[in-house]
Undergrad: 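Provided herewith is a single structure, encoded as structure tokens, for subsequent inquiry.
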Amino acid sequence: MTIFALVDCNNFYASCEKLFDPKLEGVPLVVLSNNDGCVVARSAEVKALGIPMGVPWFKIRDQAKQFGIQAMSSNYTLYADMSNRVVEVLEGFSPNVEVYSIDESFLLLDGFAATQSLEAYGRKIKDRVQHWLGLAVCVGIAETKTLAKLANHCAKKGHAGSAGVCDFTTIAPSELTRVLSKIEVGETWGVGRRLAPRLEKMGIHTVHDLRNANAAQIRAQFSVVLERTVMELKGIACLELEETTPDKKQIVSSRSFGQRIGAFEHLADALAFHATRAAEKLRSQDSVAGALTIFIRTNPFALKEPQYQRSITIPLPQATQDTRELVKWAGRGLRRIYRRGFAYAKAGVMLSEIRPAALAQADLFGSMEDSARSDTLMGMMDRINQRWGRGTLRTASEQAEGIWKMNRGNLSPRYTTSWSELPTVS
DNA sequence: TCTGGGGTCCTAGGACCC
DNA sequence: TCTGGGGTCCTAGGACCC
């Protein structure tokens, strides 16, 4: 029998901040996103005040003043460091640990029940993280990941007499039914804000209802994903522990601007920055990217202002992890999609077609500029121009791109773009 | 005035090939 | 005049997670 434990840090970002500033003890504290835009973490005191997660900071500023809520900008370096320390402690409790997110890990506890109660073991985990790092965690234990998530939820809410630790593996069936009947279906891992209302309409209101649903019917009406969730709720494990973090298949660097930006040069700077960051992430997993997407957009919340958003995906002539190369293509892309006269609010770079650097396409033609003088390239150009008409390839980028496309047996479309332009709302 | 920044997986439909 | 069936690849969109 497979047993999963989910260990989840309470109010993680806020707790980290309190750890490094004792004056914040007992103070209601929120941590804000980039540019101090939204609330991304709340201390227990703030949760008690009913401040929702993700709310824009400006909307609760008055309330914050009234209740003495402290706000801090986020410090992800600090949180990542604390997260690593938590994982180190957890690795002392199981040889199989999956780091699921910055504040959550799954542990495999197979066979541990033979010598001790799992609930007691969970409590040891909780106590040690508290004593060694000063961070409070909750522990949920069950036969599947989805159930462990719910057990953790119960541990947090103090259901079933748990004080931060909840073990579903030894709970009486009638008691489990009672507990799951009290949890709304939307709390289930994998049921979000779209699915929950649809399930409600079908009369599935609680986790218990979903657990008792017909899996095949759920698959037919929703998806295989939700079917798996139902199976997991029934105690049949469909999701395994993933100990090794797979390489990213897509790497994004994007950010909202502090102030609105109109000038081409400023957007170009921002995109160069994002391309650089994305390239760093790419190299850190020793991969290359075969395509680069850039996007720019105005503020979608400013309904009365003219809206413009556009993106362009550029297939790279050769998969690369080189910063200068990626910055160069980001700049070229921007020239294609930039429009004057808009107040841009956000920009970003996405890398895709990612594969290990060892599999990078062999450099058949040398770099684009160099190859412009090579006989091989001229031969290729001739063939392309013969096949698709004289002058098909003119500029250097089109040459390189055309060759790349030809290698894949597909010349067009050269670029894929999407954009939308909405009229001003009066 | 001010509204985050990342990621994943699945499905449907069209193009294209044999 | 009749007009198959199976497979792959690609893209867009929808859902979810933290």
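These figures come from a predicted structure and were not determined experimentally. Each chain gets a letter, A, B and so on, in the order the sequences are listed, and its residues count up from 1.
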Undergrad: In this structure, how many angstroms lie between the C1' atom of B:dC9 and the CD atom of A:Glu227, rounded?
TA: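 Those two atoms, CD and C1', are 15 Å apart.
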
Undergrad: How many Å lie between CG on A:Leu226 and C1' on C:dA15, as a whole number?
TA: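 A:Leu226 atom CG is separated from C:dA15 atom C1' by 10 Å.
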
Undergrad: Which nucleotide in the set C:dC18, B:dT11, B:dG7 lies at the smallest distance from any side-chain heavy atom of A:Trp189?
TA: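 Of the options given, the side chain of A:Trp189 lies nearest C:dC18.
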
Undergrad: Under 4.0 Å between a side-chain N/O of A:Lys149 and OP1 or OP2 of C:dC18, yes or no?
TA: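 Indeed, a polar side-chain atom of A:Lys149 lies that close.
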
Undergrad: Could you give the CD-to-P distance, from A:Gln250 to C:dC16, as a whole number of Å?
TA: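 After rounding, the reported distance stands at 18 Å.
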
Undergrad: Scan A:Tyr100 against the nucleic acid and name what it touches under 4.0 Å (heavy atoms): base, sugar-phosphate only, or nothing.
TA: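 Contact class for A:Tyr100: sugar-phosphate only.
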
Undergrad: Where each residue is assigned the nucleotide of DNA chain B containing its nearest heavy atom, which of A:Gly37 and A:Ser223 is assigned the position nearer the 5′ end?
TA: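 Checking each residue's closest nucleotide, the 5'-ward one belongs to A:Gly37.
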
Undergrad: Does a donor on one side chain and an acceptor on the other come within less than 3.5 Å for A:Arg211 and A:Thr206?
TA: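 Checked: A:Arg211/A:Thr206 side chains show no N/O donor-acceptor pair below 3.5 Å.
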
Undergrad: Mark yes or no for whether A:Ser33, through its side chain, and A:Cys38, through its backbone, hold a donor-acceptor pair below 3.5 Å.
TA: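 It does hold such a pair.
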
Undergrad: Can you measure A:Glu104 atom CD to B:dT8 atom C1' for me and round it to whole angstrom units?
TA: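 These atoms are roughly 15 Å apart.
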
Undergrad: Give one of base, sugar-phosphate or nothing for A:Val55, where a contact means two heavy atoms less than 4.0 Å apart.
TA: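 Counting heavy atoms under 4.0 Å across all strands, no contact is made by A:Val55.
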
Undergrad: Please work out if A:Asp103 contacts a base, only the sugar-phosphate, or nothing of the nucleic acid, heavy-atom cut-off 4.0 Å.
TA: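 Result for A:Asp103 = sugar-phosphate.
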
Undergrad: Kindly say if A:Arg260 contacts the phosphate of B:dT3, meaning a side-chain N or O under 4.0 Å from OP1 or OP2.
TA: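 Indeed, a polar side-chain atom of A:Arg260 lies that close.
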
Undergrad: Would you kindly give the CG-to-P distance between A:Leu6 and C:dC17, to the nearest whole Å?
TA: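 Atom CG in A:Leu6 sits about 14 Å away from atom P in C:dC17.
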
Undergrad: May I ask you to say what A:Ser73 touches in the nucleic acid, namely base, sugar-phosphate or nothing, with a heavy-atom cut-off under 4.0 Å?
TA: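 No contact.
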
Undergrad: Just by modelled atom types, is the A:Ile218 backbone N or O under 3.5 Å from a matching donor or acceptor in the A:Glu227 side chain?
TA: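 No.
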
Undergrad: Does A:Lys145 reach the main-chain N or O of A:Glu240 with its side chain, forming a donor-acceptor pair under 3.5 Å?
TA: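 Looks like yes, one N/O pair under 3.5 Å.
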
Undergrad: For B:dC9 and A:Lys249 - does any side-chain N or O of the residue sit under 4.0 Å from the phosphate oxygens OP1/OP2?
TA: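 True: A:Lys249 side-chain N/O within range (under 4.0 Å) of B:dC9 OP1/OP2.
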
Undergrad: Could you walk me through whether A:Asn96 and A:Glu243 pass the side chain to side chain donor-acceptor pair (under 3.5 Å) test, one step at a time?
TA: CA-CA 7 Å; A:Asn96 310 102; A:Glu243 289 174 69; 3.1 Å; yes

Undergrad: Looking only at side-chain atoms of A:Val40, point me to the closest of B:dG4, B:dG5, B:dT3.
TA: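 Output: B:dG4.
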
Undergrad: Classify the nucleic acid contact of A:Ser253 as base, sugar-phosphate or nothing, counting any heavy atom under 4.0 Å across all strands shown.
TA: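 Contact class for A:Ser253: sugar-phosphate only.
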
Undergrad: Rounding to a whole Å, what distance do you find between A:Leu239:CG and B:dT8:C1'?
TA: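 Between C1' of B:dT8 and CG of A:Leu239: 13 Å.
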
Undergrad: Could you check whether A:Glu187 pairs with A:Lys156 (Lys NZ or Arg NE/NH1/NH2 to Asp/Glu carboxylate O, under 4.0 Å)?
TA: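 Not counted as a salt bridge, because no side-chain N and carboxylate O are separated by less than 4.0 Å.
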
Undergrad: A:Arg193 side chain: which of B:dG6, B:dG5, C:dC16 is closest?
TA: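 Nucleotide nearest to A:Arg193's side chain: C:dC16.
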
Undergrad: Just to be sure I understand the rule, does A:Leu195 reach a base, reach only the sugar-phosphate, or reach nothing, if contact means heavy atoms closer than 4.0 Å?
TA: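 Result for A:Leu195 = sugar-phosphate.
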
Undergrad: Quick one: A:Tyr79 OH to B:dG5 P, roughly how many Å, whole number?
TA: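 Result: 15 Å.
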
Undergrad: Check every atom of B:dT3, C:dA15, B:dG4 against the side chain of A:Ser33 and return the nucleotide holding the closest atom.
TA: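 Given the options B:dT3, C:dA15, B:dG4, the side chain of A:Ser33 is closest to B:dG4.
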
Undergrad: Would you mind telling me which of C:dC16, B:dT11, B:dT3 lies closest to the side-chain atoms of A:Val224?
TA: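 Nearest to the side-chain atoms of A:Val224, counting from C-beta on, is B:dT11.
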
Undergrad: Which nucleotide, if any, forms a Watson-Crick or G-U wobble pair with C:dC18, using both distances under 3.5 Å?
TA: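 Its partner is B:dG5.
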
Undergrad: Are any of A:Arg277's side-chain N or O atoms less than 4.0 Å away from OP1 or OP2 of B:dG5?
TA: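 Negative; the distance criterion is not met.
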
Undergrad: Counting only side-chain N and O atoms of A:Lys248, is one of them less than 4.0 Å from OP1 or OP2 of B:dT8?
TA: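 The answer is no; no side-chain N or O of A:Lys248 sits under 4.0 Å from OP1 or OP2.
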
Undergrad: Looking across every strand, which nucleic acid part, if any, lies under 4.0 Å from A:Ser256 by heavy atom: base, sugar-phosphate, or nothing?
TA: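 The residue A:Ser256 makes sugar-phosphate contact but no base contact.
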
Undergrad: What interatomic distance, in whole Å, is found between C1' of C:dC18 and the corresponding atom of B:dC2?
TA: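 Here B:dC2 and C:dC18 have their C1' atoms 25 Å from each other.
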
Undergrad: Classify the nucleic acid contact of A:Trp57 as base, sugar-phosphate or nothing, counting any heavy atom under 4.0 Å across all strands shown.
TA: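 No contact at all - A:Trp57 keeps every heavy atom at 4.0 Å or more from the nucleic acid.
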
Undergrad: Answer with base, sugar-phosphate or nothing: what part of the nucleic acid does A:Arg228 contact at a heavy-atom distance below 4.0 Å?
TA: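 Touches sugar-phosphate only.
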
Undergrad: Answer yes or no: does a side-chain N or O of A:Ser254 lie under 4.0 Å from OP1 or OP2 of B:dG6?
TA: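 Checking A:Ser254 against B:dG6: at least one side-chain N or O falls below 4.0 Å of OP1 or OP2.
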
Undergrad: If you take the centroid of each ring, where Trp contributes its six-membered ring, are A:Phe93 and A:Phe112 closer together than 6.0 Å?
TA: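 When the ring centroids of A:Phe112 and A:Phe93 are compared, they turn out to be at least 6.0 Å apart.
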
Undergrad: Base, sugar-phosphate, or nothing for A:Leu32, non-hydrogen atoms under 4.0 angstrom?
TA: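 Result for A:Leu32 = nothing.
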
Undergrad: A:Phe222 CZ to C:dC16 P: how many Å, rounded?
TA: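 Nearest whole value for this atom pair: 10 Å.
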
